[in-house]
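Here the structure is a predicted model, which means the values were calculated and not measured. Reckoned from all heavy atoms, side chains included, excluding hydrogens, waters and symmetry mates.
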Amino acid sequence: SKEKAIFSSSLLIMNVAKSGYRVFSANSTPACTELSKKITERLGVELGKSVVYQESNRETRVEIKESVRGQTIFIIQTIPRDVNTAIMELLIMAYALKTSCAKNIIGVIPYFPYSKQCKMRKRGSIVCKLLASMLAKAGLTHLITMDLNAIIVAKSPSAAKRAQSYAERLRLGLAVMHGEAQCSESDMADGRHSPPCVRNTIGHPGLELPCKQQAPFPGIELPIMMAKEKPPITVVGDVGGRIAIIVDDIIDDVEDFVAAAEILKERGAYKIYIMATHGLLSADAPRLIEESAIDEVVVTNTVPHEVQKLQCPKIKTVDVSMILAEAIRRIHNGESMAYLFRNITVDD
């Protein structure tokens with residue numbers, strides 16, 4: 001048995017050498033380590049040797065314990081609650097591999113941090129673009145991330161196109177939700193609901209009162225500008241007696257999902273499922289889900305959420321290591337990635 005073990009180890013080393021690529025874990029958290037081991041087991045390679053830790057002053061230190069010269073490197077990084085530390089771990093590891101003469105450095109980041117901040121807001125910035133530039137500067141040449149981008153019950157009209165594509169593939173019906181329960185924080189931030197107060201000038205056009213709007217003609221008072229009202233939530237489509245499935249890329253603050261579930265239940269939905277790629281589930285999300293009309297929330301293991309699962313038994317997890325492993329294999333072999341989107345079955 002000893003000779004057999006030595007022979008198996010030799011074969012593994014030969015396979016790694018022939019493959020020309022290595023897989024590293026960017027941190028030592030249980031979630032990242034578990035996902036990395038599942039991926040490497042499916043690929044039949046050994047997890048790269050590295051050490052990632054925090055100094056006493058909270059600085060991140062990364063040490064690569066083996067030669068990576070001329071090889072393609074895949075870095076797996078899950079994003080825990082301490083998002084900024086995870087980003088620094090990834091940046092420093094990528095730069096360490098770059099200075100160690102790795103041929104290609106590909107980040108496997110199932111949940112891309114700051115992906116919510118991908119649109120310009122008033123006096124804001126596209127932080128997602130900034131992070132992508134930082135990763136490229138550190139040495140990443142490619143990036144693998146996950147986003148379902150599909151929905152059966154569309155939470156808003158803007159998601160209807162994606163919803164139709166997914167519904168046609170599954171041969172299911174389509175429902176679209178329209179309207180909002182209340183003003184969201186993101187809408188308040190961009191100034192759309194903060195019209196300027198009315199100013200009015202009577203007499204001399206150069207005189208202005210602090211709470212009146214400057215009129216184009218003296219003596220003419222303009223009407224007060226009111227913030228636009230949002231319509232109540234309505235459902236376009238028949239959900240009566242059916243299982244309603246809402247699919248989104250991220251589920252974090254769940255108030256919108258809870259409100260949508262209530263409306264769907266009122267319209268006669270038999271059961272309500274939420275399916276999201278990344279289960280951040282911040283703050284009181286587990287409690288709100290447990291007390292809501294939602295029957296089950298299904299997320300993937302791209303983000304650690306074991307504590308939330310203990311707080312709410314409705315939260316279920318799907319393993320995505322097979323998809324990530326196949327993506328790594330296809331990228332290394334120069335094969336088409338479109339196969340993953342066309343041929344992944346329910347059984348997979």
| task | Applying salt bridge (charged side-chain N to carboxylate O under 4.0 Å, His left out), run through Glu296 and Lys314 and close with a yes or a no. | result | CA-CA 5 Å; Glu296 192 168 283; Lys314 291 183 179 180; over 6 Å; no
Is the shortest heavy-atom distance from the side chain of [X] to the side chain of [Y] under 4.5 Å?
X	Y	result
Arg329	Leu43	yes
Val297	Tyr273	no
Gln71	Lys103	no
Leu140	Ile106	no
Tyr95	Lys137	no
Ser50	Lys65	no

Please check if the side chain of [X] supplies one atom and the backbone of [Y] the other of a donor-acceptor pair under 3.5 Å.
X	Y	value
Ser292	Ile289	yes
Ser133	Lys129	yes
Arg22	Glu66	no

| message | I'd like to know whether Lys37 forms a salt bridge (charged side-chain N to carboxylate O under 4.0 Å, His left out) with Glu41, so could you lay out the CA-CA distance, the side-chain angles of the two residues, the decisive distance to 0.1 Å, and finally the verdict. | response | CA-CA 6 Å; Lys37 287 182 177 179; Glu41 287 174 0; over 6 Å; no
| message | Pairing donors with acceptors under 3.5 angstrom, does anything connect the side chains of Arg69 and Ser100? | response |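 No pair is found: no donor N or O on one side chain lies under 3.5 Å from an acceptor on the other.
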If you round to the nearest 0.5 Å, how far is [atom2] of [Y] from [atom1] of [X]?
X	Y	atom1	atom2	result
Thr78	Glu34	OG1	CD	10.0 Å
Leu143	Leu131	CG	CG	9.0 Å
Ile87	Ile79	CD1	CD1	6.5 Å

| Got a sec, which residues hit ring pair (Phe, Tyr, Trp, His ring centres under 6.0 Å) with Tyr114, two or more places apart in sequence or on another chain? |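 Scan of Tyr114 (ring pair (Phe, Tyr, Trp, His ring centres under 6.0 Å), adjacent residues dropped) gives none.
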| Aromatic ring proximity, centroids under 6.0 angstrom, Tyr21 and Phe74 |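 When the ring centroids of Phe74 and Tyr21 are compared, they turn out to be within the sub-6.0 Å range.
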| Among the clusters formed by ILVMFWY side chains lying less than 4.5 Å apart, do Ile245 and Tyr270 turn up in the same one? | yes
| field | Partner of Ile75 by side chain to side chain contact (heavy atoms under 4.5 Å, CB included), out of Leu97, Ile109, Ile144 | value |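 Between Ile75 and the candidates, side chain to side chain contact (heavy atoms under 4.5 Å, CB included) is satisfied uniquely by Leu97.
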